[in-house]
Structure formats: structure tokens, C-alpha cells
Amino acid sequence: MVKERKERRTSLPDLEGSDVPGGVVMRIAPGPSGPLHLGHSRVAVLNDEYVKMSGGRLLNRFEDTNPEKVDPEAYRMIAEDLDWLGVEVHQTVYQSDRFQRYYDVVRALTEMGQAYVCLCDSDEWRGMKVACQACGCRGLAPEESLERLDRLLSSHYSAGEAAAVVKTAIDHPNPALRDFIALRQVDRPHPRVGDRYNVYPMMNLSVAVDDHDLGVTHVLRGKDHLNNTHRQAYIYGHLSWTKPVFIHYGLVSIPDTVLKTSVIGQGIKDGEYRGWDDVRVGTLRALARRGIRPEAIRRYWLDVGVKQVDVQVSWDGLFAMNRDIVDPESKRYFFVPDPVPVEVEFDGSTESSCPLHPDRPELGVRSHGFEGDFMVHICAEDHEELQRKGMLRLKGLCNIESGETCRHAGDDKSVSRQGVRIVQWAPEGSLPAEVLMPDGSVTPGLVEPMDASPGEVVQFERFGFVRIESVGDRVRAVFAHR
RNA sequence: GCUCCCGUAGUGUAGUGGCCAAUCAUGAGGGCCUCUCGAGCCUUCGACCCGGGUUCAAAUCCCGGCGGGAGCACCA
């Protein structure tokens, strides 16, 4: 048997049963409680990638079945985030449009004796489940359960009093899989559909019904849904529906990052964060602001793959991929943090010359003219080096010697071989600049006059890659990575 | 407590019985190159959770430990 050469993987392993006519139908199912964060992007990218591999269709289904957790703004923000990520959505579905269908399914299940309406106290009901015992409601005749269901759906009960339950196996060895709630009453208008309904489906019901109705062939999601898959399988079984292929990947942990939508939302309310794109949080809009490209995120998730092992996101890894993308197209500029002025004695005239990109001479150079004594700013740390060593090279300009005052010391580049440090500098006419760092702090400094547009990523030499937010009297930028 | 899932370098990843004294990326150390602490080139460090078993041969199969994670919601 011939073995393939070892190669770096650039695509995902084949999906089981993916050779369906017309391609696979897959879905992402965000809960509209806020914008997408880095963790969410994995399921979006992976599903999108498999759909593209097979020429199939991707659904975006908003799981807005809990009125208490819906942020009406989130529908729009999520759509924007998916678009930014390059995820191609072929159809958008709102579960809040489909409540009647869920009721009908529960009715059908009740008729066949596979669902019931439970009037027990919820704590008691849960207690009986752990003891593998059925409550009195479970054994009721379908006709009686049906009457209860009608009463539930016509607001006969108060919230919390009744719930429609799907039967599984009350003595299932896995306590997580013994009967589950399908419908419950919530007396709160829905942000999107108002007070048309007050009986809301639980996700295991709505997800199973939708995946079936919408022809989903493959369900790819995190393994936190493993038990949900088993629960949903009962609905498929009761109704003799064909199951999709289920794939579960491992959990993602993202170090040093605030991801929880509820925490960020609260932080915004409290004024701790400036918005969903605050650089300190892990939302996609924050990463976008920090100059992270969607292609880097995609490459990252493709590299991680779909294994069931839990993974820890490596920011270094993600940044390395981003650097690959951004480096060839980033113009170089001098930014001087913590600037110190240096007067230089000079009795000639000259012009500095630094390429906009060291590997792309065709982009041209940045240059500044000098005549007679001049002044530049260098950063404090380099200034110390100047005192210590007695000499420094201003990149692209000249060498300077320290003394009572500094002196122009020729333009011999080879001094760097003797250990003279080559540093960036800011000429007169430079602009004040602020670089927003990932921890929320601001690094002030001076940046040489620059020609960059908002949104563009440039490299501040010896400082790092930054995304320009605005240019004008002052430059505002956001730090990306080194 | 019960059920399920997982266990290759710091972080990811390749590997499905012999070509593995284990791949690639990232990271860390060193060197070259470059008028950046970026890029590029070279180099070093670093892993198959443990113990049994099957086999001529195990990272790969089996069993048992141990470790990690998830679920047991009228959240998704």
C-alpha cells in the first residue's frame, strides 16, 4: 500500500456521508443575546467550510426561544459578524416564527403517548427523575394529556405551573437523558414577535424539529451538546424521522479573555467597557478592531480541526497566522513611544529614505529633508542607549554621537556591525499618536507624517502591527501584535 | 453520586499495527541575513498519561487505573 507524503493539512478531514446530491445542508444556531465572539467563530467557520467543500447550503437559525435572553440588536450584529468572517449564509430562519409548528409536533407526540403535560412542582419532578420514578402525569392517557396541552396553550395555567415533557426512558442509566421539557409558559413578550405567544419551546424540541424540517444533513457542534444530541434523537425516534449525521468537536477555552456575552453586556451597562468592540473582550468586532483578519481566524480553526479533544486557543498561534497575512501588505512607519527630543548639530543638508515596505521596493520610500541643525524625537529607552553607547543610528537618516550636544556622525550603515543600535525616530512635523493596547491602556507617542486610511493595518517599526483608526491632527491606532 | 466524551512537546496538529529513536506550525534558545525587536534562512530544546495484555512488531488493538472536560435546567 502506498502511503501519502506527509503534508501540512490545509483542509478538514472528509465528513462522513457528505456525498449527498446537492451537497450537505448544515446550520449554525446562534442565540441572539449579543454579537459573536471568538469561540462562536469556530462553529461558524467549520460549518461554512464543510458546506463549501461539498457545494451545499448553510442555514443561519436564530435560536430566540427564550425571550429573557434576546437582545434585539443581536440579530443584526450576528449577521454582520458572519459576513465579516466570510461565512456564506444561504437561508436565515427565526425560531420565533415557528412556534405553531413546535406546538403541532408536541401535540403529535402527545397523541402517540410520547409526551405529556406535567403539573408537578418542578423540584419534585426533578427529584423523581434522579430516582428513576415517573410522576403521576406521565402515565395519564393521551386524551387527558391532550386536554392539558390545550389548556397550556390557551393560558389556562400560570407560568411555572405546567410544562409539556417529551418521554425518553425514565430509568435511563444516564440521568441527563430522562424525560425533558419541551414547552413551558413564560409571561413575557418576545422582543421580536411580541406577545403573540406565551408558551415557549425549549431548545431540544425546536432544534430537533427545525433540523428535520429544514433538511439538515449534518449537525456539527461542540461536544457540550452530546447529551442534547441523545435527547433530540428521542424526538427523531418517536416520529420516525431520519437522523442527520452528528459530529461533536471538543470544547474551546480561550485564555485571558472575557467572552461571556452576559458579562460583556453588563460591563457595557456599568460603563466598564466602551462597547461590544472594546479591545479587552473577545468579540469578533473587538478582534476586527485590533487588526485581526477573518482569514486568520478561519485558518486557525481549520488547523485545530474537529477532534473531540478540548483545545486551548493560543493567541500566539492566531497572531502568527495573522502576521502571515498582514505583513506583506503593511506599510512601515516610525512611531516613537515615550518620546525624548534630541537636538543634532549638522552643517550640511540631507534627505532620509526608508522604504514603505522592505520587501516591496516598488511601493516607494518615506523621506524627510534636513538642513543644518535639526531636532528629532527618539524613545526614552533608545535615548538611554545613546548615552550609554555614545552612538546611535537613526534608521534611514544618519548616525549620531552623544556629547554636550548630539552631532551628526556620518551615514555609515556598517556601524550596526559594531553593535550600534538602529532606531526609529520622529522628525519635526510628526503627529501625536495614541496606540490603544489590548489591556485597554493607551501608549502615547509621535508618529511620522503618514499616508494611511482608517482600517488599514500598518507596522510601526520596532513596535508592532497596528490598525489605524483615524488620521488627522493626531493618529489613533489599535495594537494588533508584534 | 450517575452518565457520556477525551488523553502525542508550553499550545495546537500529523499519525488508524512495521517506513515513528514520531510530522508540521507556534513558542523558547543560538546563529546568518536584513538600515525594524517584522519577514527570510539555518540550528537547538521539547511529547506518545500510567500499568498490564494481544502480537514477531503498539502512539496506533484490548483491559484496568489515573487525569481532564461536559451533562444530569421550565438556558442555549
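Residue numbering restarts at 1 for every chain, and letters A, B, ... go by the order of the sequence lines. This one's a predicted model, so the numbers in the text were calculated from it and none came from an experiment.
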Query raised in the report: Ring centres of A/Y94 and A/Y75 under 6.0 Å apart?
Result: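 A/Y94 vs A/Y75: aromatic centres under 6.0 Å.
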Report task. Establish, yes or no, whether a centroid distance under 6.0 Å links the rings of A/F463 and A/F479. Result -> yes
By the 4.0 Å heavy-atom rule, please label [X] as base, sugar-phosphate, or nothing.
X	answer
A/M203	base
A/T65	sugar-phosphate
A/W125	sugar-phosphate

Is there a Watson-Crick or G-U wobble partner for [N] with both distances under 3.5 Å, and if so, which one is it?
N	result
B/U36	none
B/C56	B/G18
B/C45	B/G27
B/G64	B/C50
B/G71	B/C2

[X] has an atom [atom1]; how far is it from atom [atom2] of [N], in whole Å?
X	N	atom1	atom2	answer
A/H230	B/C4	NE2	C1'	7 Å
A/D210	B/A76	CG	P	13 Å
A/D303	B/A25	CG	P	11 Å
A/L36	B/A76	CG	C1'	13 Å

Will you find, in the side chains of [X] and [Y], an N or O donor that is under 3.5 Å from an N or O acceptor?
X	Y	result
A/T229	A/R221	yes
A/D179	A/Y116	yes
A/D187	A/Q185	yes

Nearest-Å distance once atom [atom1] is located in both [N] and [M]:
N	M	atom1	result
B/A25	B/U44	P	14 Å
B/A59	B/C49	C1'	12 Å
B/G38	B/U34	C1'	10 Å
B/C4	B/C63	P	14 Å
B/G29	B/G10	C1'	14 Å
B/C75	B/U16	C1'	39 Å

Query raised in the report: A/H172 or A/G160: which one's nearest nucleotide on RNA chain B is closer to the 5' end?
Result: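 On the 5' side of the pair lies A/H172.
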Requested in this report: Using heavy atoms to find the nearest nucleotide of RNA chain B for A/Q312 and A/M202 separately, return the residue whose nucleotide is more 5′.
Outcome: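 So the residue in question is A/Q312.
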Requested in this report: Over all heavy atoms of both residues, which pair between A/L140 and A/S145 is shortest? Give the atoms and the distance, please.
Outcome: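 Result for this residue pair: CB-OG, 3.9 Å.
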Query - Contact pattern, 5' to 3', of nucleotides 65-72 of chain B - B, S or - by protein heavy atom under 4.0 Å - result: ----SSBB
Requested in this report: Sugar-phosphate means primed atoms, P, OP1 and OP2; the rest is base. With that split, encode nucleotides 26-47 of chain B 5' to 3' as B, S or - using protein heavy atoms under 4.0 Å.
Outcome: SS------SBBBBS--------
Requested in this report: Looking only at side-chain atoms of A/N228, point me to the closest of B/A76, B/G12, B/A14.
Outcome: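 Shortest atom-to-atom distance from the side chain points to B/A76.
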Which label fits [X] and [Y]: parallel for a plane angle under 30°, tilted from 30 to 60°, or perpendicular past 60°?
X	Y	result
A/F335	A/F460	parallel
A/Y234	A/H238	tilted
A/H408	A/F346	parallel

Query raised in the report: Has A/H230 got more than 12 heavy atoms of other residues, nucleotides or ligands less than 6.0 Å from its NE2?
Result: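 Atom NE2 in A/H230 is not crowded, with 12 or fewer foreign heavy atoms closer than 6.0 Å.
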